[in-house]
Structure formats: structure tokens, C-alpha cells
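Structure record follows, encoded as C-alpha cells.
Treat the numbers as computed from the prediction; the structure is a model and nothing was measured.
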Amino acid sequence: MKNCHVCNFECKDEMEVCPICGAFLLEKEQASEQREPEKLEPVILSTFEDLVSAEIFCDILTDNKIPYSKPEEDMRVVFGGGLAAQEIYVDQKDYDKAKELLEEFLQSEADFMEQFDGEFEEEI
């Protein structure tokens with residue numbers, strides 16, 4: 001376990017961003033060398049109802065070197081049924097680029113689904 005250098009929350013070793021304050025987590029050597037912590041402003045980018053799409057989009061953020069955090073998936077009740085949802089947070093400074101990537105991703109998903117909708121309708 002490693003502690004966040006900003007809020008001192010105990011985080012899992014594999015985490016890169018503190019789930020409480022959004023600070024990038026440092027290795028112990030880096031934390032001792034760091035003089036003043038970077039102040040981050042985590043903002044919610046999106047809430048995905050499809051957990052697979054959430055994971056794919058997180059990979060896109062990683063490929064574009066945009067740090068993100070996502071709390072454990074969330075269960076919500078909608079009209080008497082359960083629904084899993086995943087919130088994705090990014091730093092305020094990365095928000096515009098991340099939003100652009102999100103819009104491209106959502107459009108590509110819609111295009112993909114539209115392509116298959118036509119194929120299934122023809123078979124029926």
C-alpha cells in the first residue's frame with residue numbers, strides 16, 4: 001500500500017491516482033523528493049452504463065496519456081431494476097482533450113451499432 005502525498009489516503013499499490021483527492025500517486029522515493037504537491041481538480045467526464053465501453057474508453061485515455069480515476073463501479077436502481085454504472089474522472093486541465101476523445105468514441109460506437117442494426121434487420 002502507498003499513501004497519497006496530498007491527503008494521506010492509503011491507496012492500493014497498483015493505483016496511479018488517489019480516489020479521494022485526484023492527486024497522482026508517487027512512489028515512496030518520489031514522494032520524499034517532491035516539495036510542493038501538484039494541485040489537481042478532478043472533474044467527472046462521463047458516466048458509462050456499459051462497463052465494457054468504460055474499460056475501452058479508459059484504454060483510449062491511457063493511450064493518449066490522460067490520467068483518469070474511476071471509483072469502484074456503482075449500482076443504481078432504475079425503474080425497479082439494477083444497473084451498473086462507471087464514472088470516469090479526469091483533471092480539469094485535461095478535460096477538453098478527454099471530452100473530444102469521448103465524443104469521437106461515442107460516435108464510433110454509434111456508427112458501429114448502426115452498421116450491425118442494418119444487418120440484423122435484413123436477416124429477419
Side-chain angles (χ1 to χ4, degrees):
M1 301 295 266
K2 53 188 169 183
N3 287 352
C4 175
H5 64 280
V6 175
C7 70
N8 210 32
F9 182 77
E10 190 172 60
C11 303
K12 295 178 184 175
D13 286 332
E14 63 271 8
M15 297 177 109
E16 294 180 4
V17 176
C18 176
I20 301 301
C21 71
F24 294 104
L25 297 175
L26 305 174
E27 297 301 322
K28 289 181 182 177
E29 308 83 52
Q30 293 175 313
S32 63
E33 295 171 6
Q34 178 120 353
R35 293 192 179 120
E36 189 174 318
E38 179 182 355
K39 295 193 180 197
L40 301 176
E41 297 178 44
V43 293
I44 189 164
L45 175 66
S46 184
T47 300
F48 284 86
E49 293 178 359
D50 175 6
L51 300 180
V52 173
S53 292
E55 286 302 315
I56 293 169
F57 185 68
C58 287
D59 288 343
I60 292 170
L61 290 173
T62 299
D63 290 346
N64 284 273
K65 299 183 181 5
I66 297 176
Y68 64 89
S69 65
K70 56 180 186 170
E72 295 298 320
E73 59 198 48
D74 183 11
M75 190 67 136
R76 300 173 187 207
V77 176
V78 180
F79 298 110
L83 171 70
Q86 180 67 70
E87 293 179 334
I88 307 291
Y89 291 83
V90 297
D91 188 48
Q92 180 66 46
K93 69 178 175 47
D94 296 319
Y95 181 82
D96 290 336
K97 177 63 178 169
K99 187 71 172 176
E100 181 181 314
L101 291 168
L102 176 63
E103 289 170 1
E104 290 174 13
F105 173 70
L106 294 175
Q107 184 58 50
S108 69
E109 267 195 334
D111 293 346
F112 181 78
M113 291 307 293
E114 185 178 296
Q115 175 186 359
F116 279 104
D117 282 345
E119 287 182 26
F120 292 124
E121 288 174 6
E122 291 173 13
E123 291 179 14
I124 295 177

(message) Show the nearest heavy-atom pair for residues Val17 and Ser69, with the distance to one decimal.
(response) CG1-CB, 3.9 Å
Are [X] and [Y] connected, step by step, through hydrophobic side chains (Ile, Leu, Val, Met, Phe, Trp, Tyr) whose heavy atoms are closer than 4.5 Å?
X: Phe48; Y: Val43; value: yes
X: Leu51; Y: Tyr89; value: no
X: Ile44; Y: Leu101; value: no

(message) Checking Thr47 against Gln86 for the side chain to side chain contact (heavy atoms under 4.5 Å, CB included) test, could you report, in this order, the C-alpha distance in whole Å, the side-chain angles of both residues, the deciding distance, and whether it holds?
(response) CA-CA 5 Å; Thr47 300; Gln86 180 67 70; over 6 Å; no
What donor-acceptor contacts under 3.5 angstrom involve side-chain atoms of residues 57-68, with partners at least two apart or in another chain?
residue, atom, partner, partner atom, Å
Thr62, OG1, Cys58, O, 3.0
Asn64, ND2, Ile60, O, 2.8

(message) Tell me whether Lys70 contacts the main-chain N or O of Ile88 through its side chain, where contact means a donor paired with an acceptor under 3.5 Å.
(response)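 Judged by distance alone, no pair lies under 3.5 Å.
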(message) Is there a side chain to side chain contact (heavy atoms under 4.5 Å, CB included) between Ile56 and Phe105? Walk through the geometry before answering.
(response) CA-CA 9 Å; Ile56 293 169; Phe105 173 70; 3.5 Å; yes
(request) Applying side-chain hydrogen bond (donor to acceptor under 3.5 Å, both in side chains), name anything that partners Glu16, two or more places apart in sequence or on another chain. (result)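 Scan of Glu16 (side-chain hydrogen bond (donor to acceptor under 3.5 Å, both in side chains), adjacent residues dropped) gives none.
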(request) Can you measure from OG (Ser46) to CD (Glu87) and round to the nearest 0.5 angstrom? (result) 9.5 Å
